[in-house]
Peer 1: 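My structure is below; once you've seen it, I'll send some questions.
Indexing begins at 1, ligand by ligand and atom by atom, following the structure's order. One-based numbering along the sequence shown.
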Amino acid sequence: MRTVLVTGVAGFVGSHVAHRLLHAGDAVVGVDNFNAYYDPALKEHRISSLEPLPGFTLVRMDFADAEGMSRVVREHGIRHVVHLGAQAGVRYSLEKPFEYEKSNLAGHLSVLEACRHAPDFEHLVYASSSSVYGHRPASGVAFRESDRVDEPVSLYAATKRACELISSTYGHLYGIPQSGLRFFTVYGPAGRPDMAYYSFTQKILRGEPIEIFGEGNMERDFTYIDDVVDGVVGVLDRPPERGVNNILNIGNDRPERLLDFVRHIEEAVGREARMILRPMQPGDVVATWADITKIRALIGYEPKTTLATGLPKFVEWYRSYAR
Ligand SMILES: NC(=O)c1ccc[n+]([C@@H]2O[C@H](COP(=O)([O-])OP(=O)(O)OC[C@H]3O[C@@H](n4cnc5c(N)ncnc54)[C@H](O)[C@@H]3O)[C@@H](O)[C@H]2O)c1
């Protein structure tokens with residue numbers, strides 16, 4: 001039996017990944033500090049379905065605590081880490097920059113140090129983000145891992161790119177096999193309240209207007225959570241050679257205009273949205289679009305869920321959670 005350390009286990013992606021690993025027979029040691037970036041009650045709700053499962057251990061701690069992380073890795077004999085904890089959010093990074101310094105920079109370094117000293121360490125899989133690609137035109141071309149990514153337009157994106165670079169250096173210096181996954185707007189049940197699909201659903205149901213930034217002309221490659229989990233777990237089983245930091249997109253290869261996305265939510269909710277069009281916000285990018293050739297070749301990754309099937313599943317979850 002393998003024991004996988006999952007950081008950000010009370011988060012949206014982390015909790016889904018932990019479920020999948022446990023059901024596949026792995027043991028999971030989950031780390032999270034349940035911070036209040038969004039309602040910690042939702043984090044507790046996600047954990048409540050994990051805690052009864054055999055093989056699950058929760059450690060409530062800050063992963064930027066390097067000594068603490070090394071202790072957890074040592075005590076549980078960890079050789080596989082899925083590092084999904086981070087301070088997420090583009091707009092919040094303009095308000096609270098030092099949260100990103102702590103969780104994303106110090107936090108990533110602390111995870112790397114723990115892996116570096118773990119005997120027979122096999123694989124660190126960590127979350128990066130499509131935001132590292134910076135500004136690209138709408139309806140342009142899909143983003144490839146080999147594209148230049150040296151002009152991030154938010155502090156969040158800059159810290160995610162910094163994590164990739166620090167990982168490359170640690171791979172080079174200490175031989176840690178690593179995979180950095182660039183996620184593209186993940187959505188689904190138990191998702192994040194700070195993201196548009198969540199707040200739009202909430203507001204449409206309450207009859208409140210929704211604000212659409214970029215005048216509705218932005219495009220996003222929305223990826224359903226189960227497809228993301230397929231990618232994370234598939235990549236975990238395929239470590240690169242010692243020292244390699246393999247960067248991979250996990251997206252849907254299907255960019256959608258925001259106004260079409262709102263139409264899908266309206267259909268799933270069964271009500272029309274009242275829309276207020278607003279200009280782009282600082283830090284936001286115009287478009288995202290994942291080229292998934294690389295991960296497809298590595299693990300046979302194939303996203304299965306369209307917005308038309310994924311959004312109703314989110315709305316169904318939201319209705320029961322809100323009750
Ligand atoms: N959801 C998306 O659309 C998306 C897109 C691109 C990248 N990502 C990245 O994927 C990862 C998972 O994102 P998510 O949507 O699940 O976010 P999330 O905010 O739901 O989960 C992150 C979790 O990490 C925890 N955390 C943060 N800082 C911590 C610290 N210092 N110590 C311990 N715990 C800490 C939080 O409490 C939270 O539970 C993140 O690295 C995020 O940057 C997500």
Peer 1: Any nitrogen or oxygen of Asp62 lying under 3.5 Å from a nitrogen or oxygen in ligand 1? Just yes or no.
Peer 2: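 The answer is yes, given that Asp62 and ligand 1 share an N or O pair closer than 3.5 Å.
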
Peer 1: Can you name the atoms of ligand 1, numbered from 1 with element, that are less than 4.0 Å from a heavy atom of Lys160?
Peer 2: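 Result: 40 (C), 41 (O), 42 (C), 43 (O).
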
Peer 1: So between Ala86, Pro193, Ala190, Ser128, whose heavy atom ends up nearest atom 27 (C) of ligand 1?
Peer 2: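 Comparing heavy atoms across Ala86, Pro193, Ala190, Ser128, the nearest one to atom 27 (C) of ligand 1 lies in Ala86.
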
Peer 1: Which option wins on minimum heavy-atom distance to atom 5 (C) of ligand 1: Tyr100, Phe63, Phe12, Phe183?
Peer 2: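 Of the listed residues, Phe183 has the closest heavy atom.
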
Peer 1: What part of Tyr38 sits under 4.0 Å from ligand 1 if we count only heavy atoms: the side chain, the backbone, both or neither?
Peer 2: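 Side chain only; the backbone of Tyr38 stays clear of ligand 1.
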
Peer 1: Is the shortest side-chain N to carboxylate O distance from Lys313 to Asp226 below 4.0 Å?
Peer 2: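 Between Asp226 and Lys313 there is no salt bridge, as every charged N stays at least 4.0 Å from the carboxylate O atoms.
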
Peer 1: What atoms of ligand 1 come closer than 4.0 angstrom to any heavy atom of Gly8?
Peer 2: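 The list of qualifying atoms is 23 (C), 24 (O).
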
Peer 1: Under 3.5 Å, is there a donor on one side chain and an acceptor on the other for His19 and Ser49?
Peer 2: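 Distance-only check passes for His19 and Ser49.
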
Peer 1: Is there a heavy atom in Met195 that sits closer than 4.0 Å to ligand 1?
Peer 2: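 For ligand 1, residue contact (heavy atoms, under 4.0 Å) with Met195 is present.
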
Peer 1: Which ligand 1 atoms does Phe34 reach within 4.0 Å, using its non-hydrogen atoms?
Peer 2: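 It comes down to these atoms of ligand 1: 37 (O).
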
Peer 1: Using a 4.0 Å heavy-atom threshold (strictly under), name the region of Met61 that reaches ligand 1: side chain, backbone, both or neither.
Peer 2: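 The answer is the backbone of Met61.
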
Peer 1: Pick one: which of Asn245, Leu165, Leu109 meets side chain to side chain contact (heavy atoms under 4.5 Å, CB included) with Tyr170?
Peer 2: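 Exactly one option meets the side chain to side chain contact (heavy atoms under 4.5 Å, CB included) with Tyr170, and it is Leu109.
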
Peer 1: Please verify the inter-ring angle class for Phe222 with Tyr187; under 30° counts as parallel, over 60° as perpendicular, anything in between as tilted.
Peer 2: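 Aromatic pair Phe222/Tyr187 classed perpendicular.
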
Peer 1: Assess whether side-chain hydrogen bond (donor to acceptor under 3.5 Å, both in side chains) is satisfied between Ser70 and His117, documenting all intermediate values.
Peer 2: CA-CA 8 Å; Ser70 288; His117 295 292; over 6 Å; no

Peer 1: Between Asn217 and Arg257, do the side chains contain an N or O donor and an N or O acceptor separated by less than 3.5 Å?
Peer 2: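 Asn217 vs Arg257: donor-acceptor pair found between side chains.
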
Peer 1: Would you say Arg182 contacts ligand 1, with heavy atoms under 4.0 Å as the rule?
Peer 2: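 Outside the 4.0 Å threshold, so no.
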
Peer 1: Indicate, as side chain, backbone, both or neither, the part of Lys102 found under 4.0 angstrom from ligand 1 when only non-hydrogen atoms are considered.
Peer 2: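 It is neither part, as no heavy atom is under 4.0 Å.
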
Peer 1: Hey, what's the ring geometry for Phe12 with Tyr197, parallel, tilted or perpendicular (30° and 60° as the breaks)?
Peer 2: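 Phe12 and Tyr197: tilted rings.
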
Peer 1: Go through the steps for Ser179 and His123 under the test side-chain hydrogen bond (donor to acceptor under 3.5 Å, both in side chains), then give the verdict.
Peer 2: CA-CA 8 Å; Ser179 301; His123 198 187; 2.8 Å; yes

Peer 1: Report the relative orientation of the aromatic rings in Tyr133 and Phe143; use parallel for angles under 30°, tilted for 30 to 60°, perpendicular for over 60°.
Peer 2: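 Correct class here is tilted.
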
Peer 1: At a 4.0 Å threshold, what atoms of ligand 1 neighbour a non-hydrogen atom of Asn35?
Peer 2: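 By the 4.0 Å cutoff, the relevant atoms are 26 (N), 27 (C), 28 (N), 36 (C), 37 (O).
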
Peer 1: Judged on heavy-atom distance to atom 9 (C) of ligand 1, which of Phe184, Tyr197, Tyr156, Tyr126 sits nearest?
Peer 2: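 Selected option, by shortest heavy-atom distance: Tyr156.
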
Peer 1: Just jot down the ligand 1 atoms closer than 4.0 angstrom to any heavy atom of Ala127, in number order.
Peer 2: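 By the 4.0 Å cutoff, the relevant atoms are 9 (C), 10 (O), 11 (C), 41 (O).
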
Peer 1: Heavy-atom pairs closer than 4.0 Å: do any link ligand 1 to the side chain of Val186, the backbone, both, or neither?
Peer 2: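 Both of them.
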
Peer 1: Quick one: look at Ser131 and ligand 1, take heavy-atom pairs under 4.0 Å, and tell me if it's side chain, backbone, both or neither.
Peer 2: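 None of Ser131 does.
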
Peer 1: Look at atom 36 (C) of ligand 1 and find which of Val82, Thr159, Asp32 reaches it with the closest heavy atom.
Peer 2: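 The nearest heavy atom belongs to Asp32.
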
Peer 1: Atoms of ligand 1 less than 4.0 Å from Ala10 heavy atoms?
Peer 2: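 Per the distance check, 39 (O).
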
Peer 1: Look at the aromatic rings of Phe63 and His83 and report parallel, tilted or perpendicular, splitting at 30° and 60°.
Peer 2: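 Rings of Phe63 and His83: perpendicular, over 60°.
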
